[in-house]
Visitor: 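Please find one structure pasted underneath; my questions will follow.
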Protein chains: 2
Amino acid sequence: MSTSPRGKRTYHHGDLRPALLRAAAQVLEEQGPAGVLLREVARRAGVSHNAPYRHFASREALLAAAAAQGFEEFSARMQAAGPGAMAETYIAFALEHPQLFRLMFGGTLKLSSDADLSRASRGAYEGLVAAFRSRGDVPDPQTAAAAAWSLVHGLSELLLNGHFVEASAGEGAIGFARRVLGAVRFAAAAPPRPTHSSE
Amino acid sequence: MSTSPRGKRTYHHGDLRPALLRAAAQVLEEQGPAGVLLREVARRAGVSHNAPYRHFASREALLAAAAAQGFEEFSARMQAAGPGAMAETYIAFALEHPQLFRLMFGGTLKLSSDADLSRASRGAYEGLVAAFRSRGDVPDPQTAAAAAWSLVHGLSELLLNGHFVEASAGEGAIGFARRVLGAVRFAAAAPPRPTHSSE
DNA sequence: GGTTTGAAGTTGACAATGACAACATACGAT
DNA sequence: ATCGTATGTTGTCATTGTCAACTTCAAACC
């Protein structure tokens with residue numbers, strides 16, 4: 001298991017931190033956040049049960065690092081998608097990595113605890129806000145961004161947890177998501193003013 | 001601790017199941033779902049560490065029961081609120097019982113596993129759909145309901161997890177929520193087809 | 001009224017886990 | 001070549017979920 005640069009077994013793994021993160025990501029998707037046991041991750045990385053403590057202060061720190069890594073991949077994909085495809089990219093990410101998504105947004109980790117995690121999370125959000133602001137056709141970009149983020153996030157989570165299994169019966173999750181997203185328009189901030197609306 | 005009908009200590013608790021659920025709810029809000037330990041719950045109920053097994057098959061079954069109870073209270077409050085105040089009631093519930101809310105919608109429990117939980121969850125959803133349908137001014141009630149549910153749910157969770165701490169700086173969570181909700185309109189379902197569409 | 005029976009609680013045990021301490025190894029600077 | 005220190009290892013401990021065997025007690029039955 002401990003595949004270093006060469007196949008030779010060395011006392012020191014040589015590349016353990018990334019290996020642990022890979023193993024953790026694997027266990028995470030298989031078993032969910034609660035199944036990510038420090039010892040199991042160490043087992044898969046081919047090291048002793050205490051080796052992870054050289055790279056992570058605790059089980060929670062390992063989970064936080066995995067979540068931070070998830071946020072980075074998430075941010076990258078969102079940025080690459082561009083403003084028009086962000087919603088579907090968001091939902092696709094959630095459906096592809098359901099457990100990682102739960103870990104990232106489940107609220108189990110406090111964002112304030114881990115600096116990397118906090119930064120990664122904020123980066124993802126600001127990327128979305130910037131995209132909405134650059135569109136220019138929305139009166140209150142910040143509010144609209146918050147609404148869009150909420151809508152897409154809620155839709156992702158409810159889909160993930162099976163709350164729309166029958167509602168999305170014939171068309172599949174993505175098709176259902178498109179339909180739901182299409183039913184929403186963003187307007188100006190003030191409630192009683194029905195001005196123009198954009199996609 | 002074991003306060004039965006009278007204060008007298010009996011070998012049999014006499015009212016243990018509800019007592020365990022109360023204790024579990026208490027620990028849940030204090031420590032989060034991961035902190036709900038079978039032994040700790042038993043401790044608070046004043047019984048031995050194995051007494052809970054007479055009423056719940058496992059730790060997960062206890063959590064499922066707590067979640068189901070949460071869904072019932074949630075449904076009741078939503079129903080009592082009426083169509084106009086459902087969104088704020090939803091968010092208020094999430095803010096009042098953040099950990100219970102996470103347990104209910106966190107996806108840790110599989111809804112298919114526990115019958116009561118599944119039924120309670122579905123009940124809450126159908127109540128919302130019915131409310132939207134009875135309004136009558138929405139072309140596609142089911143899609144609109146799904147969108148509204150997603151929006152409000154996502155907003156709740158993102159608020160809970162602190163992703164809007166700075167965006168909602170001056171006005172507080174509820175005020176911010178009102179502003180975000182006010183920025184959204186519901187329209188017909190199909191984007192490319194301006195005619196009416198059926199579910 | 002006395003007996004019995006079974007649900008509700010208890011004590012005891014076991015493997016697994018997260019975390020700490022002490023020890024071993026090997027890479028890189030000197 | 002030596003030596004220090006980051007990196008892994010073995011050993012240990014309290015805690016947890018769960019299983020098994022034992023107790024208590026209240027209600028059903030004769």
Side-chain angles (χ1 to χ4, degrees), chain A residues 1-24 27-28 30-67 103 108-110 113-114, chain B residues 1-24 27-28 30-67 103 108-110 113-114:
Chain A
M1 295 306 154
S2 62
T3 341
S4 272
R6 216 61 161 285
K8 61 181 177 184
R9 291 172 167 270
T10 58
Y11 186 91
H12 285 32
H13 184 288
D15 193 37
L16 188 51
R17 214 192 110 106
L20 288 172
L21 283 174
R22 274 194 303 270
V27 181
L28 176 63
E30 289 177 16
Q31 314 276 352
V36 180
L37 309 179
L38 227 33
R39 288 168 115 102
E40 172 65 16
V41 172
R43 229 167 269 145
R44 298 213 187 189
V47 293
S48 84
H49 66 265
N50 255 351
Y53 282 100
R54 294 296 140 187
H55 300 273
F56 302 100
S58 66
R59 173 181 178 272
E60 194 177 352
L62 171 64
L63 284 174
L103 178 64
T108 313
L109 332 290
K110 303 158 193 161
S113 65
D114 189 279
Chain B
M1 293 303 154
S2 61
T3 343
S4 271
R6 217 57 165 280
K8 61 180 176 183
R9 290 173 166 272
T10 57
Y11 185 92
H12 286 28
H13 185 288
D15 194 35
L16 188 51
R17 216 191 109 104
L20 288 172
L21 283 174
R22 274 193 302 271
V27 181
L28 176 63
E30 290 176 17
Q31 314 276 351
V36 180
L37 309 179
L38 225 35
R39 287 169 117 100
E40 173 65 17
V41 172
R43 230 166 269 144
R44 300 212 186 189
V47 293
S48 84
H49 68 265
N50 256 349
Y53 281 99
R54 293 296 139 187
H55 301 274
F56 303 99
S58 65
R59 172 180 178 273
E60 193 176 354
L62 171 63
L63 284 174
L103 178 65
T108 313
L109 332 279
K110 304 157 192 161
S113 65
D114 189 279

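In what follows, chains carry the letters A, B, and so on, assigned in the order in which the sequence lines appear, proteins first and then strands, with residues in each chain numbered from 1. The figures here come from the full heavy-atom set of this structure, side chains too, leaving out hydrogens, waters and symmetry mates.
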Visitor: Kindly give the heavy-atom pair with the smallest separation between B:A45 and B:L16, and that separation in Å.
Guide: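 Taking B:A45 first and B:L16 second, the nearest heavy atoms are CB-CD1, 4.1 Å.
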Visitor: Measure CZ/A:R54 against P/C:dA22 and give the value in whole Å, please.
Guide: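 Roughly 12 Å, once rounded to whole Å.
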Visitor: Look at A:Y53 and C:dA19 and indicate whether a side-chain polar atom (N or O) is within less than 4.0 Å of OP1 or OP2.
Guide: yes
Visitor: When you compare the side chain of B:H49 with that of B:L38, does any pair of heavy atoms fall below 4.5 Å?
Guide: no
Visitor: Between protein and nucleotides 13-16 of chain D, what N or O pairs are separated by less than 3.5 Å?
Guide:
unit_1: D:dT16; atom_1: OP2; unit_2: B:R43; atom_2: NH2; d: 3.1

Visitor: Quick one: does A:H49 reach the base of D:dG11 with a side-chain donor-acceptor pair under 3.5 Å?
Guide: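 Check passes, donor-acceptor contact within cut-off.
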Visitor: Who passes side-chain contact (heavy atoms from CB on, under 4.5 Å) against B:R54, sequence neighbours left out?
Guide: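 None.
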Visitor: Of the options D:dT7, C:dT11, C:dA19, whose atoms approach the side-chain atoms of A:S58 most closely?
Guide: C:dA19
Visitor: What is the distance, to the nearest angstrom, from the NE2 atom on B:H55 to the C1' atom on C:dA7?
Guide: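 Those two atoms, NE2 and C1', are 9 Å apart.
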Visitor: Would you mind reading off the distance between A:Q31 atom CD and C:dA16 atom P, rounded to a whole angstrom?
Guide: 15 Å
Visitor: Can you list, in residue-number order, the parts of residues 16-23 of chain B that come under 4.0 Å of DNA chain C, counting heavy atoms only?
Guide: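 DNA chain C contact set from residues 16-23 of chain B: B:L16.
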Visitor: The criterion is side chain to side chain donor-acceptor pair (under 3.5 Å); which residues satisfy it with A:E30, sequence neighbours excluded?
Guide: A:R44
Visitor: Apply side-chain contact (heavy atoms from CB on, under 4.5 Å) to B:F56 and list each qualifying residue two or more places apart in sequence or on a separate chain.
Guide: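 side-chain contact (heavy atoms from CB on, under 4.5 Å) list for B:F56, sorted by chain: B:R17, B:L20, B:L21, B:A61, B:L62, B:A65.
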Visitor: Identify the two heavy atoms, one from A:A42 and one from A:S48, that lie closest to each other, and give their separation to 0.1 Å.
Guide: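 Shortest heavy-atom contact: CB-O, 3.3 Å.
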Visitor: Please state how far atom CG in A:L63 lies from atom P in C:dA19, giving the value in whole angstrom units.
Guide: 10 Å
Visitor: So which heavy atom on A:L37 is nearest to which on A:A34, and how close?
Guide: CD2-O, 3.8 Å
Visitor: With side chain to side chain contact (heavy atoms under 4.5 Å, CB included) as the test, pick out the partner of A:P33 among A:T108, A:L28, A:V27.
Guide: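 When A:T108, A:L28, A:V27 are each tested with A:P33, the side chain to side chain contact (heavy atoms under 4.5 Å, CB included) holds only for A:L28.
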Visitor: Restricting to side-chain contact (heavy atoms from CB on, under 4.5 Å), what partner residues turn up for B:L63, sequence neighbours left out?
Guide: B:V36, B:R59, B:L103, B:L109
Visitor: Tell me the interatomic distance from B:F56, atom CZ, to D:dG17, atom P, rounded to whole angstroms.
Guide: 14 Å
